2 protein chains.
Amino acid sequence: MVRRTGRRPGNPDTREAILAAARSAFAEKGYDGASIRAIATGAGVDPALVHHYFGTKDKLFLATMNSPIDPIDIITEATDGDRDEIGVRFVRAFLRMWDGPRGAAAVALLRSVVGTEWTTKLFREFIITQVLRRAVPRLGLDPAEASLRVTLAASHLVGLAMARYVIKVEPLASVPSETLVAAIGPTVQRYLTEDLPGVFPEA
Amino acid sequence: MVRRTGRRPGNPDTREAILAAARSAFAEKGYDGASIRAIATGAGVDPALVHHYFGTKDKLFLATMNSPIDPIDIITEATDGDRDEIGVRFVRAFLRMWDGPRGAAAVALLRSVVGTEWTTKLFREFIITQVLRRAVPRLGLDPAEASLRVTLAASHLVGLAMARYVIKVEPLASVPSETLVAAIGPTVQRYLTEDLPGVFPEA
DNA sequence: CGGGAAATTCATCTAGCGTTGAGTTCAACA
DNA sequence: TGTTGAACTCAACGCTAGATGAATTTCCCG
């Protein structure tokens, strides 16, 4: 007679399995749609164990989102180099993140962010503190213009991520990333550094 | 003793009240977050009445999304006129829709679309059949390029809507719409009609 | 006036959720 | 070897959700 209860022998990486299952569940279903029970099943584990490791569903979600999203990489990569190609480098680094292993977590983030109020607020503050306050000083822009310039560029990138990775509308979803770099790079460049007649009072 | 049950005298516009309550509930909370019970309370009505009128929550959501979203208006408005200002007119019409009375429904759409799989799929097909297949012929573009051009522009507009109306990140959320027209209009124009070196093989 | 149909509510069913606490097994250390 | 604590499961609680069917009231048409 096999006893199923109690400590499992061997593998101590159950925690990682739960995290992985949570990531893909959140990415597919969003925060509300992903249930702890389903995540536990996906990890081959009892639902209570999820709470044992992570406490609440909120904390599990935050743990899922924690490591993979650090836009500082993108920002530094894009701002290192000559100023005339910031746009292209920004788009390239952005796309590489979404196509990389952390992309699923980013999809989960975007999916969940929109669903409920507290995640939206969380994301807004994340954008402000992690993106705006970090990107603005590195760009050497007029402080009066910087925020609008950066949010213009960011809105474009968010829309790109939505269309390509969440909604998956063709042909945008399948086009090579370098094509998108060529198309969108100049736009981002314009938003960040070039003159925007009609937007800011002419200097 | 007042009997509360039975048919209400007078006003037969309860159905519209439910629809209105559903629209704002979906806009605020998203599909999952909005409960039929809350919608019913918001309309001053019993939850069962919602089912009496709309059957299931899915159908209520579809009914909510049905009438108010007809991008054909935006498309015709933008494509009527000289070809060099399509971009500006597109952005202007787009923003006017979001700021108008049907904007709440649009926010609801965007909020809910991303949350669950079936709404995402629904939205993708909506984009293809209602936007792409209608906008492409009116633009007089090379058919080989048209889809990518339109989805590029659409992704930008979706991102704008997300940033301004859903996430509400400043200063983008409060800036006058004409400022955004001036900033984004030229980009949309470029995506739709101008040369995109590196994107399409040079003609 | 009378009767059917629509509008509306009530009470209730079932299912799923997040969460909890008690209990069981294993591994490591003294 | 004995004890401690971490890993893990079981069973259950309390809650909320969407949905249903019967009952009640009103309107409208003949």
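Bear in mind that the values here come from a model prediction, so they are computed numbers and not experimental data. Each chain gets a letter, A, B and so on, in the order the sequences are listed, and its residues count up from 1.
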In this structure, are over 12 heavy atoms from other groups packed under 6.0 Å from A:Lys57 atom NZ?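 Yes, because the 6.0 Å sphere around NZ of A:Lys57 holds more than 12 heavy atoms from other groups.
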Is it true that atom CZ of A:Arg138 has more than 12 heavy atoms of other residues, nucleotides or ligands lying nearer than 6.0 Å?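 Yes, the 6.0 Å shell around CZ holds more than 12 heavy atoms from other groups.
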Side chain [X], main chain [Y], donor-acceptor under 3.5 Å:
X        : Y        : result
B:Ser155 : B:Leu152 : yes
B:Arg124 : A:Glu170 : no
A:Arg149 : A:Glu194 : yes
A:Ser112 : A:Leu109 : no
A:Asp195 : A:Pro197 : no

Heavy atom of residues 27-37 of chain B under 4.0 Å from DNA chain D: which residues?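 Within this stretch, B:Ala34, B:Ser35, B:Ile36, B:Arg37 sit under 4.0 Å of the strand.
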Rounded to whole Å, how long is the line connecting atom [atom1] of [X] with atom [atom2] of [N]?
X       : N      : atom1 : atom2 : value
B:Glu16 : C:dA7  : CD    : P     : 13 Å
B:Phe54 : D:dT20 : CZ    : C1'   : 18 Å
B:Ile39 : C:dT8  : CD1   : C1'   : 18 Å
A:Asp46 : C:dG21 : CG    : C1'   : 13 Å
B:Leu49 : C:dA11 : CG    : C1'   : 16 Å

Determine, for B:Tyr53 and B:Lys59, whether the Lys NZ or Arg CZ falls below 6.0 Å from the six-membered ring centre while staying within 45 degrees of the axis.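 Ring-cation test returns no.
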Quick one: on DNA chain C, does A:Lys57 or B:Pro47 contact a more 5' nucleotide (nearest heavy atom)?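 On the 5' side of the pair lies B:Pro47.
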For DNA chain D, which ranges pair as stems of 3 or more consecutive Watson-Crick or G-U pairs, with both donor-acceptor distances under 3.5 Å?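 Stem list for DNA chain D: C:1-30 with D:1-30.
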Is there a donor in the side chain of B:Thr193 and an acceptor in the side chain of B:Arg83, or the other way round, less than 3.5 Å apart?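 Their side chains do not contain a donor-acceptor pair, so the 3.5 Å distance test is not met.
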Considering only C:dT19, C:dT8, D:dC8, which nucleotide approaches the side chain of A:Tyr53 most closely?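 Shortest atom-to-atom distance from the side chain points to D:dC8.
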Looking at the side chain of B:His51, which of D:dT20, C:dT8, D:dC8 is the nearest nucleotide?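 When the side chain of B:His51 is considered, D:dT20 is the closest of D:dT20, C:dT8, D:dC8.
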Tell me whether the side-chain N/O atoms of A:His52 come closer than 4.0 Å to OP1 or OP2 in D:dC8.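 A:His52 to D:dC8 OP1/OP2: no side-chain N or O under 4.0 Å.
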Can you tell me if B:Thr14 touches the phosphate of C:dT8, counting only side-chain N or O atoms and a distance under 4.0 Å to OP1 or OP2?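 Answer is yes, contact under 4.0 Å.
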